[in-house]
2 protein chains.
Amino acid sequence: MATGRPTHTADRGRPANRGRGIPEATVARLPLYLRALTALSERSVPTVSSEELASAAGVNSAKLRKDFSYLGSYGTRGVGYDVEYLVYQISRELGLTQDWPVVIVGIGNLGHALANYGGFASRGFRVAALLDADPAVVGTSAAGLPVRHMDELEDIVEDEQVSIGVITTPPGAAQQVCDRLVAAGVTSILNFAPTVLSVPDGVDVRKVDLSIELQILAFHEQRKAGEEAEQALAAPAAAKAAASSGPSSEPVVPAAADRPARTAAKLRRAAASGTDGDLPAVMPA
Amino acid sequence: MATGRPTHTADRGRPANRGRGIPEATVARLPLYLRALTALSERSVPTVSSEELASAAGVNSAKLRKDFSYLGSYGTRGVGYDVEYLVYQISRELGLTQDWPVVIVGIGNLGHALANYGGFASRGFRVAALLDADPAVVGTSAAGLPVRHMDELEDIVEDEQVSIGVITTPPGAAQQVCDRLVAAGVTSILNFAPTVLSVPDGVDVRKVDLSIELQILAFHEQRKAGEEAEQALAAPAAAKAAASSGPSSEPVVPAAADRPARTAAKLRRAAASGTDGDLPAVMPA
DNA sequence: CAATCTTTGTGCACACGTTCACAAACGCAT
DNA sequence: ATGCGTTTGTGAACGTGTGCACAAAGATTG
């Protein structure tokens with residue numbers, strides 16, 4: 001998911017995209033490349049081709065080359081990219097060569113888990129403080145850090161120069177916490193609460209929402225079930241046609257036929273719901 | 001973030017987008033609308049205009065109307081949309097009117113947190129089982145459910161007709177777990193491990209990665225710091241020009257000037273790193 | 001029933017993102 | 001030094017997503 005950057009105030013007319021205007025889609029992929037490159041670096045691989053790296057990162061090689069072209073020309077034709085150099089360039093571009101203190105607000109199950117998360121400490125991110133409003137939680141510790149009270153938020157943000165905040169509170173408290181973070185000087189927020197946050201210009205918000213991800217998966221799952229149901233209806237006729245032709249012809253049976261369990265489950269599901277329920281069950285008043 | 005749907009096999013030439021082809025971007029927003037609508041429904045609001053709903057969901061109203069137009073024409077001109085009816089239509093479109101059993105594999109801190117997550121149980125999603133490979137974890141319980149051993153995976157997926165799996169294992173185990181899930185019949189995977197998963201056609205993967213989100217925020221944070229540094233350099237001249245003109249004219253001081261803490265922190269940060277480090281520090285061999 | 005007001009649904013233009021395909025550039029062997 | 005194989009960097013075509021602006025459609029009022 002990506003929350004678009006906040007309409008970029010003071011955007012003096014740049015020549016379309018050159019100079020420093022790295023496309024948002026590219027920025028979102030740089031961490032992916034960086035991870036793959038770091039793995040290569042640990043195996044002491046000196047250079048890598050766009051094809052190999054693209055495969056490792058799960059993207060198209062042309063896309064990867066274009067992405068890198070926005071950073072400058074760091075490859076060598078006929079050879080590929082220097083792994084170490086690319087790691088450095090991407091790290092620098094992403095701002096990972098500096099220290100990023102982060103506060104986590106809301107130390108419930110999720111906040112606790114994030115505090116312990118390994119991927120946090122790496123890449124220049126450092127948990128500066130854990131905060132919670134609940135007196136029962138304040139004073140306990142998580143991941144070796146004490147949970148401090150919300151009232152200390154402003155002081156911590158100022159003292160530690162925190163510019164990134166992570167919200168893992170219940171949805172009801174999220175906007176309030178967000179406002180306090182912003183007022184204290186935080187300009188980037190990662191929101192795990194299922195709430196739409198409103199922030200002033202110049203503050204970035206990205207959201208992570210388990211429920212939304214599952215709903216998107218469910219949509220595609222339902223669509224797949226519907227399609228297989230259609231294919232199942234069309235299959236007998238096709239099979240019959242195939243049987244009537246010579247044995248040298250390609251089998252016309254749908255590819256899904258070799259996955260009995262999956263297909264069976266989906267068909268049962270498609271039968272259970274209306275599959276193709278184009279008729280509205282209730283009309284509005 | 002969005003993992004594109006797997007190139008949609010059997011895509012008989014549809015007239016561009018009509019019939020059932022809801023754009024991916026629209027699908028990703030439907031859960032957002034649904035949440036806002038559910039809140040309105042609980043407050044017994046009968047109808048809502050695109051403007052109001054768009055504001056609640058944090059999107060443009062024209063976009064929202066276009067999104068709804070893909071589902072059909074469920075609004076009434078001059079009035080707006082019937083809240084209850086829209087809730088039903090979106091739920092049906094997303095497949096939330098049916099039951100979606102889900103398995104969570106990897107019951108560490110994060111898996112534990114997700115099992116307890118409230119947004120899980122709602123909207124038709126049900127945790128069918130918690131799985132882990134570690135004998136020390138198997139047998140314990142989380143969120144009232146027993147943690148079962150990985151070896152039971154295949155039986156559970158078949159018995160409970162699970163089609164969605166959530167991976168919260170360490171990165172090293174993710175691909176292996178993914179393969180087993182797919183082999184067992186799971187066709188949608190939500191991956192929390194920082195790994196690129198490869199799956200056969202017809203299987204959807206979506207990923208959630210804290211580290212990537214933070215890196216994207218860091219990039220924009222760095223960019224903002226650089227811009228403010230530029231403005232700070234240009235500001236004195238502008239301020240001088242403003243002072244020389246009459247008191248009735250608008251102040252030319254940049255908007256950031258009323259946020260001392262934020263600006264100060266960023267400038268310190270910009271000074272610490274190269275801000276505009278266009279000169280490469282090391283050249284490749 | 002006509003005039004007016006509100007709000008939807010969508011045509012259109014534009015911005016953004018993706019992919020193909022190929023010339024230019026480089027290493028290496030002969 | 002020349003030629004050959006490899007791989008980058010990017011122009012161009014295409015597809016997707018966004019937002020404006022407005023006609024059409026319904027509600028409402030007199």
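Every heavy atom of this structure was used, including side-chain atoms; hydrogens, water molecules and symmetry mates were not. Lettering of chains follows the sequences in order, A, B, ..., and the numbering in each one begins at 1.
The CZ-P distance, from A/F68 to D/dG9, rounds to 10 Å in whole Å. When rounded to the nearest whole Å, the span between CG of A/D67 and C1' of D/dT8 equals 14 Å. Put simply, CD on B/E24 is 12 Å from P on D/dT18, counting in whole angstrom units. Atoms CG (B/D82) and P (C/dT8) sit 13 Å apart, rounded to a whole Å. Rounded to an integer number of Å, the gap from B/K63 NZ to C/dA13 P is 21 Å. For the pair A/Y70 OH and D/dT8 P, the computed distance is 17 Å after rounding to whole Å. A/L71 places its CG atom 15 Å from the C1' atom of D/dT10, with the value rounded to the nearest Å. Rounded to an integer number of Å, the gap from A/L64 CG to C/dG17 C1' is 15 Å.
For B/N60, there are no side chain to side chain donor-acceptor pair (under 3.5 Å) partners, not counting sequence neighbours. In this view, A/E221 and A/K224, A/K266, B/W100, B/S163, B/T187, B/S188 satisfy the side chain to side chain contact (heavy atoms under 4.5 Å, CB included) rule, not counting sequence neighbours. Annotation: side chain to side chain donor-acceptor pair (under 3.5 Å) contacts of B/T26 (sequence neighbours excluded): B/D67.
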>> How would you summarise protein contacts on nucleotides 20-26 of chain C per nucleotide, using B for base, S for sugar-phosphate only and - for none, with heavy-atom distances below 4.0 Å?
In response: BB--BBB

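Residue A/S69 places its side chain closer to D/dT10 than to any other of C/dT18, D/dG17, D/dT10.
The phosphate of C/dT7 has neither OP1 nor OP2 within less than 4.0 Å of any side-chain N or O from B/S50.
By the 4.5 Å heavy-atom criterion applied to side chains, A/I216 and B/D204 are not counted as neighbours.
Here A/Y81 lies in heavy-atom contact (under 4.0 Å) with sugar-phosphate atoms only.
Residue pairs meeting the salt bridge (charged side-chain N to carboxylate O under 4.0 Å, His left out) criterion with at least one member in residues 33-59 of chain B, sequence neighbours excluded: A/D209-B/R35. For the ring-ring contact (aromatic ring centres under 6.0 Å, His included) condition, the pairs that include at least one residue of residues 22-54 of chain A, sequence neighbours left out, are A/Y33-A/F68.
Residue B/E51 is the one, among A/R29 and B/E51, whose nearest nucleotide of DNA chain C lies closer to the 5' end (criterion: closest heavy atom).
Shown are B/Y85, B/Y81, B/Y88; of these, the ring pair (Phe, Tyr, Trp, His ring centres under 6.0 Å) with B/Y74 is made only by B/Y85.
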